[in-house]
Amino acid sequence: MTNEVHAVQPESPARVASDLIERPAAYSVIEELFRVQETMEPRNVLHQLFGFRPVHPHAQSWFSGAIGERKVGDLLLQLGPEWAVLHAVPVGKGDSDIDHVVIGPAGVFTINTKRHPGKKIWVGERMLTVAGQKTDHLRNSRHEAKRAAKLLTKATGFPVDVHPVLAIVEPASFTFRQRPQDVSVMDARRLPRWLKRRRAVLAPDGLATIIDAATEARTWHPTADLSIDPSYLSKFRELERKDRQAYLVRLAWALALAVAAGLGSISVLMSFIAGL
């Protein structure tokens, strides 16, 4: 299983994945990102000169989320062949999805990925804050797991327990006031080892039945559209490249202004001293 899609010519029509095992990480988020991007006016020469971001202001949360989900998707590649990993699982009847569903000998896990680069994370039993701001991360993680358990139980014909995981990408630090009993919260980098070290709870037959049900899109969504735009990855990487380039331009301007301000201060000081 891989997050990549086979390279094809940009003009090729969207292909349809045979089941959810082929769905790329962050695909739903990237779709929404480019839907918003289409409304953005092209950057002109001045925008590029001064490092204006190429990401639409209304799409920046989608852009950051896609980066986070792809990072977690890459981390989950470290799991062995006995694990099934699904990404961007469409669920319900609308546009909702579950970032990742992981199924292995240790059970079934829904992984809610959140990217908070450089932010301090505080965790309590019922609340998680990011840089002091309350979030719905724990509540949403619980909801996803309950929803997945209900759908998989219906599809398999026997009770399926699902454990929610909240994976934080690029946090500055964690403070655990009290660890939630029903949601595992961790730095995303710990995820592969944490999953592989858990004890086995599923027999091979039960595991195979759950995987068969989980990879069938209709288990999750009655009218799921599994078509994949083959150009999505190249377009996303190009947007990432332009965004990094814009950041470097802004950084260069900031350094230039700092140097100019410093030289100006030295010049004033030397003139003052010369006048004494």
Side-chain angles (χ1 to χ4, degrees), residues 3 20 23-33 60-79 83-92 94-104 106-117 119-131 133-152 160-172 174-176 178-195 198 210 214 219-221 224:
N3 289 340
L20 288 176
R23 193 164 172 81
Y27 190 76
S28 298
V29 177
I30 292 173
E31 273 192 318
E32 183 62 22
L33 162 67
Q60 288 175 13
S61 62
W62 298 106
F63 181 66
S64 180
I67 292 172
E69 287 187 37
R70 283 185 54 76
K71 284 181 180 293
V72 170
D74 289 342
L75 288 166
L76 292 174
L77 290 173
Q78 299 175 27
L79 298 177
W83 292 84
V85 181
L86 312 178
H87 306 293
V89 177
V91 64
D95 297 328
S96 299
D97 78 337
I98 299 174
D99 297 341
H100 317 274
V101 177
V102 180
I103 307 162
V108 184
F109 305 85
T110 51
I111 301 172
N112 184 14
T113 296
K114 296 298 178 185
R115 181 172 181 254
H116 295 299
K119 304 296 185 182
K120 294 182 178 180
I121 311 298
W122 182 94
V123 185
E125 170 64 25
R126 307 299 300 181
M127 179 56 64
L128 182 145
T129 66
V130 177
Q133 299 296 312
K134 293 181 179 180
T135 72
D136 293 328
H137 294 351
L138 292 179
R139 184 190 68 182
N140 292 342
S141 298
R142 293 182 176 105
H143 175 70
E144 287 181 349
K146 290 178 181 178
R147 200 175 196 182
K150 181 179 179 180
L151 293 171
L152 289 173
V160 176
D161 292 327
V162 179
H163 183 75
V165 178
L166 178 57
I168 309 294
V169 177
E170 301 170 8
F174 281 93
T175 298
F176 287 91
Q178 185 178 4
R179 290 183 181 271
Q181 295 297 310
D182 56 347
V183 182
S184 296
V185 182
M186 66 189 72
D187 187 311
R189 292 173 297 183
R190 291 186 52 222
L191 193 53
R193 172 182 271 191
W194 182 85
L195 287 167
R198 295 180 67 85
I210 294 172
T219 294
W220 304 92
H221 196 294

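Heavy atoms only: backbone and side chains are in, while hydrogens, waters and symmetry mates are out.
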Quiz item: With under 30° as parallel and over 60° as perpendicular, where do the rings of Phe109 and Trp83 fit, or are they tilted in between?
Solution: tilted
What are the two closest non-hydrogen atoms of [X] and [Y], and how far apart are they?
X: Asp182; Y: His163; result: O-CE1, 3.7 Å
X: Ala106; Y: Leu195; result: CB-O, 4.2 Å
X: Pro180; Y: Gly124; result: CG-O, 3.4 Å
X: Leu20; Y: Pro90; result: CD2-CD, 3.8 Å
X: Ala148; Y: Ile98; result: CB-CD1, 4.4 Å
X: Ala145; Y: Val162; result: O-CB, 3.6 Å

Quiz item: With a distance cut-off below 6.0 Å to the six-membered ring centre and an angular limit of 45° from the axis, does Arg179 pair with Phe176 as a cation-pi contact?
Solution: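 Judged by the rule (NZ or CZ under 6.0 Å from the ring centre, within 45° of its axis), Arg179 counts as positioned above Phe176.
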Answer whether the closest heavy-atom distance between the side chains of [X] and [Y] falls below 4.5 Å.
X: Asp97; Y: Asp99; value: yes
X: Thr110; Y: Val89; value: no
X: Glu69; Y: His87; value: no
X: Leu191; Y: Met186; value: yes
X: Thr129; Y: Lys134; value: yes
X: Arg142; Y: Arg126; value: yes
X: Asp95; Y: Glu32; value: no
X: Arg23; Y: Ser28; value: yes

Quiz item: Distance-only, no hydrogens or angles: does the Ser184 side chain make a donor-acceptor pair with backbone N or O of Val165 under 3.5 Å?
Solution: no
Self-check item: Side chain Ser141, main chain His137, donor-acceptor under 3.5 Å
Solution: yes
Quiz item: What do the steps show when you test Leu76 against Ile111 for side-chain contact (heavy atoms from CB on, under 4.5 Å), and what is the final call?
Solution: CA-CA 11 Å; Leu76 292 174; Ile111 301 172; 4.2 Å; yes
Quiz prompt | Residue pair Val108, Val102: steps toward the side-chain contact (heavy atoms from CB on, under 4.5 Å) verdict | solution = CA-CA 6 Å; Val108 184; Val102 180; over 6 Å; no
Exercise. Answer yes or no: are there more than 12 heavy-atom neighbours, outside Asp161 itself, under 6.0 Å from its atom CG?
Key: no
Exercise. Please say whether more than 12 non-hydrogen atoms of neighbouring residues, nucleotides or ligands are located less than 6.0 Å from CZ in Arg189.
Key: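 No - once you tally the heavy atoms of other residues, nucleotides and ligands closer than 6.0 Å, there are 12 at most.
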Quiz item: Between Lys120 and Thr175, is a side-chain contact (heavy atoms from CB on, under 4.5 Å) present by the stated rule, with each step listed?
Solution: CA-CA 8 Å; Lys120 294 182 178 180; Thr175 298; over 6 Å; no
Rounded to the nearest 0.5 Å, how far apart are [atom1] of [X] and [atom2] of [Y]?
X: Thr219; Y: Leu86; atom1: OG1; atom2: CG; result: 10.0 Å
X: Arg193; Y: Leu79; atom1: CZ; atom2: CG; result: 13.5 Å
X: Lys71; Y: Arg115; atom1: NZ; atom2: CZ; result: 6.5 Å
X: Asn112; Y: Arg139; atom1: CG; atom2: CZ; result: 11.5 Å

Quiz item: Taking it one step at a time, do Arg190 and Asp187 satisfy salt bridge (Lys or Arg N to Asp or Glu O under 4.0 Å)?
Solution: CA-CA 6 Å; Arg190 291 186 52 222; Asp187 187 311; over 6 Å; no
